[in-house]
Amino acid sequence: MSNTYGSIFRITTFGESHGTAVGVIVDGCPAGLPITVEEIQAALDRRRPGQSKITTPRDEKDQVQILSGIFNGQTQGTPIALTVFNKDQASHDYSHIESAFRPSHADYTYTAKYGSRDHRGGGRSSARETLARVAAGVLAQKFLALQGIQITAYVSQVGSIFAPADYTQMDLSQVDSTIVRCPHPETAQAMIQLIEETRDKLDTIGGVVSCVIKGVPAGLGEPVFDKLHAELGKAMLSINAVKGFEYGSGFEGVRMYGSQHNDVFYTDDKGQVRTHTNHSGGIQGGISNGQDIYFKVAFKPVATILQTQDTIDKEGNEIKLQGKGRHDPCVLPRAVPIVDAMAALVLADFVLRQRANKID
């Protein structure tokens with residue numbers, strides 16, 4: 001039922017926004033990987049609500065518990081179960097939408113598909129499900145670090161405010177130096193101001209999370225249906241509120257001639273194959289070429305706004321609906337660790353798959 005992702009490094013998430021718990025089962029993680037509950041908790045703290053003045057004030061601590069698969073600080077090669085019990089739910093904030101379809105939410109489509117829905121916070125369609133992905137992503141990132149692969153996502157756009165287009169112009173180690181998670185200080189301040197102004201108008205704003213993956217060896221990915229960029233796109237588009245995925249030169253590349261766009265190969269002084277440019281975004285023919293992989297993920301404005309809107313109820317009657325509760329004016333700062341995690345899950349799976357592709 002599409003609750004599982006991955007071929008070898010596989011995750012299955014479970015739980016609903018206002019149910020007892022949300023969690024994940026990770027299967028296929030190699031034994032002997034050092035990991036602590038503190039490392040997993042640190043990633044969840046980057047995603048959790050209530051972390052700054054520009055996120056929802058909801059105060060979920062998101063304390064993770066390890067139920068299986070890790071002993072004496074190491075993975076055992078057995079299924080790893082991680083769970084977070086829901087605490088600060090306030091389900092009464094959603095009683096007014098029990099029979100209403102919120103604009104741009106999954107209320108109508110879930111009802112059309114299943115015949116019923118959990119209206120409390122969106123149930124399974126809630127972005128709260130992504131905490132399970134972030135928890136699993138820590139294991140994938142730790143595994144990738146042993147392979148020399150580093151993933152860094154950051155906020156590159158909020159509304160019409162952009163960070164420098166070239167990620168090499170910024171110090172990506174400073175992503176968490178501002179609450180909006182943009183490593184360009186001047187741009188970050190403008191983004192924060194825009195988010196605060198949007199919140200004060202009882203509205204929401206969208207933007208873009210960019211991601212850079214360094215240290216990826218050549219050869220990861222498959223040449224036909226499981227192309228590396230296709231799997232990255234699928235992973236990113238599975239995140240709540242994502243409306244677009246672009247890698248390498250993306251749509252801007254259509255303005256160039258082939259003579260401009262082609263990435264010319266050369267051998268560096270260490271004997272490594274390199275390219276003078278990287279319009280391909282580190283992927284050619286669906287397979288990594290050893291250069292940096294970079295992509296953008298577009299997030300829509302949060303659908304719940306605290307303004308009155310026209311909609312219909314489940315009987316088809318026209319009604320007025322006003323959002324209630326505690327919601328993010330902009331999802332971007334909390335989306336950064338989710339993009340990190342999903343990229344890591346894709347790469348970890350392909351690293352393990354590559355080991356079965358040829359005899360060394």
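No hydrogens, no waters, no symmetry mates; every other heavy atom, side chains included, goes into these values.
Residue Ile338 holds its CD1 atom at 10.5 Å from CE of Met236, rounded to the nearest 0.5 Å. Annotation: the span from Tyr167 atom OH to Leu172 atom CG amounts to 8.5 Å, rounded to 0.5 Å. Rounding to the nearest 0.5 Å gives a distance of 4.5 Å between CG of Leu33 and OG1 of Thr75. Of the inter-residue distances, the one linking Gln65 atom CD with Gln41 atom CD reads 10.0 Å to the nearest 0.5 angstrom. Separating the NE2 atom in His184 from the CE atom in Met191 is a distance of 10.0 Å, to the nearest 0.5 Å. Considering CD1 of Ile195 and CD1 of Ile205, their distance stands at 8.5 Å, rounded to 0.5 Å.
Grouping Ile, Leu, Val, Met, Phe, Trp and Tyr residues whose side-chain heavy atoms lie under 4.5 Å apart, directly or via other members, leaves Met256 alone, with no other cluster members. If you chain together ILVMFWY residues whose side-chain heavy atoms come under 4.5 Å of each other, Phe225 ends up grouped with Val224. Residues Val273 make up the rest of the hydrophobic cluster containing Phe265, defined by ILVMFWY side-chain heavy atoms closer than 4.5 Å, directly or through other members.
You'll find the side chain of Leu139 reaches within 4.5 Å of the side chain of Ile80, heavy atoms only. With a 4.5 Å cut-off on side-chain heavy atoms, Ile319 and Ile312 do not count as touching.
Here the side chain of Asp349 pairs a donor or acceptor atom with the backbone of Ser7 at under 3.5 angstrom. Looking at Asn3, its side chain never comes within 3.5 Å of a backbone N or O of Thr12 through a donor-acceptor pair. Put simply, the side chain of Asp27 never gets that close to the backbone of Arg10: no donor and acceptor are under 3.5 Å apart. Within the 3.5 Å criterion, the main-chain N or O of Gly282 finds no donor-acceptor partner in the side chain of Ser280. When atom types are taken as modelled, the side chain of Gln74 and the backbone of Ala31 share no donor-acceptor pair closer than 3.5 angstrom. Side chain of Ser68 to main chain of Ala81: a donor-acceptor pair is present (N/O by atom type, distance under 3.5 Å, no hydrogens or angles). A side-chain donor-acceptor contact under 3.5 Å links Asp107 to the backbone of Arg102. Between the side chain of Asp328 and the backbone N or O of Thr56, at least one donor-acceptor pair lies under 3.5 Å.
Taking each heavy atom of Tyr294 and Ser249 in turn, the nearest pair found is OH-N, 3.9 Å. The minimum heavy-atom distance linking Ala136 with Leu82 is given by the pair N-CD1, 4.4 Å. Heavy atoms only, all atoms of each residue included: Leu232 and Ala343 are closest at CD2-CA, 4.2 Å. The nearest pair of heavy atoms linking Ala188 to Cys182 is CB-O, 3.8 Å. Summarising the geometry of Ile293 relative to Ser288, their closest heavy-atom pair is CD1-CB, 4.5 Å, with the distance given to 0.1 Å. Residue Leu194 comes nearest to Val158 through the heavy atom pair CD2-O, 3.6 Å, listed as atom of the first residue, atom of the second, then distance.
Sorted by first and then second residue, the side-chain hydrogen bond (donor to acceptor under 3.5 Å, both in side chains) pairs involving residues 148-165 (not counting sequence neighbours) are Ser156-Ser210. Applying the salt bridge (Lys or Arg N to Asp or Glu O under 4.0 Å) test to residues at least two apart or on different chains, the pairs with a partner in residues 180-203 are Lys53-Glu196, Asp176-Arg181. Applying the side-chain hydrogen bond (donor to acceptor under 3.5 Å, both in side chains) test to every pair with at least one member in residues 129-143, sequence neighbours left out, gives these pairs: Thr13-Glu129, Glu39-Lys142, Arg47-Thr130, Glu129-Arg133, Arg133-Ser238.
Between Tyr108 and Phe101, the ring planes are perpendicular. Angles over 60° get that label, and only those under 30° would be called parallel. Ring pair Phe245/Phe295 is tilted by interplanar angle, where 30° to 60° counts as tilted.
Residues passing the ring pair (Phe, Tyr, Trp, His ring centres under 6.0 Å) test with Phe9: none are found, sequence neighbours excluded. With sequence neighbours left out, Ser177 forms a side-chain contact (heavy atoms from CB on, under 4.5 Å) with Gln174. Evaluation of the ring pair (Phe, Tyr, Trp, His ring centres under 6.0 Å) rule for Tyr110 yields Tyr114 as partners, not counting sequence neighbours. Considering only residues two or more places apart in sequence or on other chains, Thr198 meets the side chain to side chain donor-acceptor pair (under 3.5 Å) condition with none of them. For Tyr257, there are no ring pair (Phe, Tyr, Trp, His ring centres under 6.0 Å) partners two or more places apart in sequence or in a different chain. In this structure Phe143 satisfies the ring pair (Phe, Tyr, Trp, His ring centres under 6.0 Å) test with no other residue, sequence neighbours excluded.
When each of Arg46, Arg334, Arg128 is tested with Asp62 by the rule salt bridge (charged side-chain N to carboxylate O under 4.0 Å, His left out), just one qualifies, namely Arg128. The one candidate from Leu67, Val64, Leu131 that meets the side chain to side chain contact (heavy atoms under 4.5 Å, CB included) condition with Thr83 is Leu67. With Leu228 as reference, Val346 is the one residue of Val346, Ile287, Asn289 to meet the side chain to side chain contact (heavy atoms under 4.5 Å, CB included) rule.
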- Trace of the side-chain contact (heavy atoms from CB on, under 4.5 Å) decision for Ile25 with Ile11: CA-CA 6 Å; Ile25 297 173; Ile11 70 165; over 6 Å; no
- Task: Step by step, work out the side-chain contact (heavy atoms from CB on, under 4.5 Å) result for Val302 and Ile305.
- Result: CA-CA 7 Å; Val302 174; Ile305 61 174; over 6 Å; no
- Start with the C-alpha gap between Cys211 and Val209, add the side-chain angles, then the distance that decides, and say whether side-chain contact (heavy atoms from CB on, under 4.5 Å) holds. CA-CA 7 Å; Cys211 185; Val209 172; 5.6 Å; no
- How far apart are the C-alpha atoms of Thr308 and Leu321, what are their side-chain angles, what is the distance that settles it, and do they pass the side-chain contact (heavy atoms from CB on, under 4.5 Å) test? CA-CA 5 Å; Thr308 301; Leu321 183 68; over 6 Å; no
- Check the pair Arg124, Asp118 against salt bridge (charged side-chain N to carboxylate O under 4.0 Å, His left out), reporting the backbone distance first and the verdict last. CA-CA 8 Å; Arg124 184 70 174 154; Asp118 184 348; over 6 Å; no
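Connection of Met342 to Val208 is not established within any shared hydrophobic cluster, with ILVMFWY side chains joined at heavy-atom distances below 4.5 Å, either directly or through further cluster members. Taken together through direct or relayed side-chain contacts under 4.5 Å among Ile, Leu, Val, Met, Phe, Trp and Tyr, Leu146 and Ile151 form part of one hydrophobic cluster. No continuous path of ILVMFWY side-chain contacts below 4.5 Å connects Leu202 to Val331, so the two sit in separate hydrophobic clusters. Ile239 and Phe14 fall into different hydrophobic clusters, defined by Ile, Leu, Val, Met, Phe, Trp and Tyr side-chain heavy atoms under 4.5 Å apart, directly or through other members.
Of the charged side-chain nitrogens involved, at least one lies within less than 4.0 Å of a carboxylate oxygen, so that Lys214 and Asp292 count as a salt-bridged pair.
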